[in-house]
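All remarks here apply to the structure that follows.
Predicted, not measured: the structure shown is a model, and the values here were computed from it.
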Amino acid sequence: MLGWKGLAEKTDRVLGEMPSSTLVFCDNYVQAGANNYFTRGREKAQGFDGDYGAWLDRVTPYRHLVL
């Protein structure tokens, strides 16, 4: 089991290897919030839980997905 900061560190490591057209998609709003708070902010995490579903960027053409 990871803490929220550990989850964000792993996300940062993966995003460092991905192109900028990558969407970070989380299972729930807590994971998305932890990633958005603790990561270096290159990509904002999204999800369908809570208000993130309303804020989902439907305009940007993403080519890669990190779950």
**Study point:** Closest non-hydrogen atom pair between N35 and A8, with its separation
**Key:** OD1-CA, 3.4 Å

Exercise for review: Indicate the atoms forming the closest heavy-atom contact of P61 with S21, along with that distance.
Suggested key: O-CB, 4.2 Å

Check your understanding: Are the side chains of N28 and Q31 in touch, meaning some heavy atoms are under 4.5 Å apart?
Key -> yes

Point to revise | Rounded distance [0.5 Å steps], OH in Y62 versus OG in S20 | key: 10.0 Å

Check your understanding: Between A34 and W4, which heavy-atom pair has the shortest distance, and what is it?
Key -> CB-CB, 3.5 Å

**Study point:** Y29 atom OH, over 12 foreign heavy atoms within 6.0 Å
**Key:** no

Exercise for review: Kindly compute the distance separating CG (L23) from CE (M18), expressed to the nearest 0.5 Å.
Suggested key: 10.5 Å

Review point. N36 side chain to A45 main-chain N or O, any donor-acceptor pair under 3.5 Å?
Key: yes

Check your understanding: Say you draw a straight line from CZ of F38 to OG1 of T11; how long is it, rounded to the nearest 0.5 Å?
Key -> 12.0 Å

Revision key, fill the gap. NE2 (H64) and CD (E17) are apart, to the nearest 0.5 Å, by 12.5 Å

Check your understanding: Could you give the distance from OG1 (T60) to CD (Q46), rounded to the nearest 0.5 Å?
Key -> 9.5 Å

Point to revise | Trace of the side-chain contact (heavy atoms from CB on, under 4.5 Å) decision for V24 with L15 | key: CA-CA 9 Å; V24 178; L15 284 177; 3.8 Å; yes

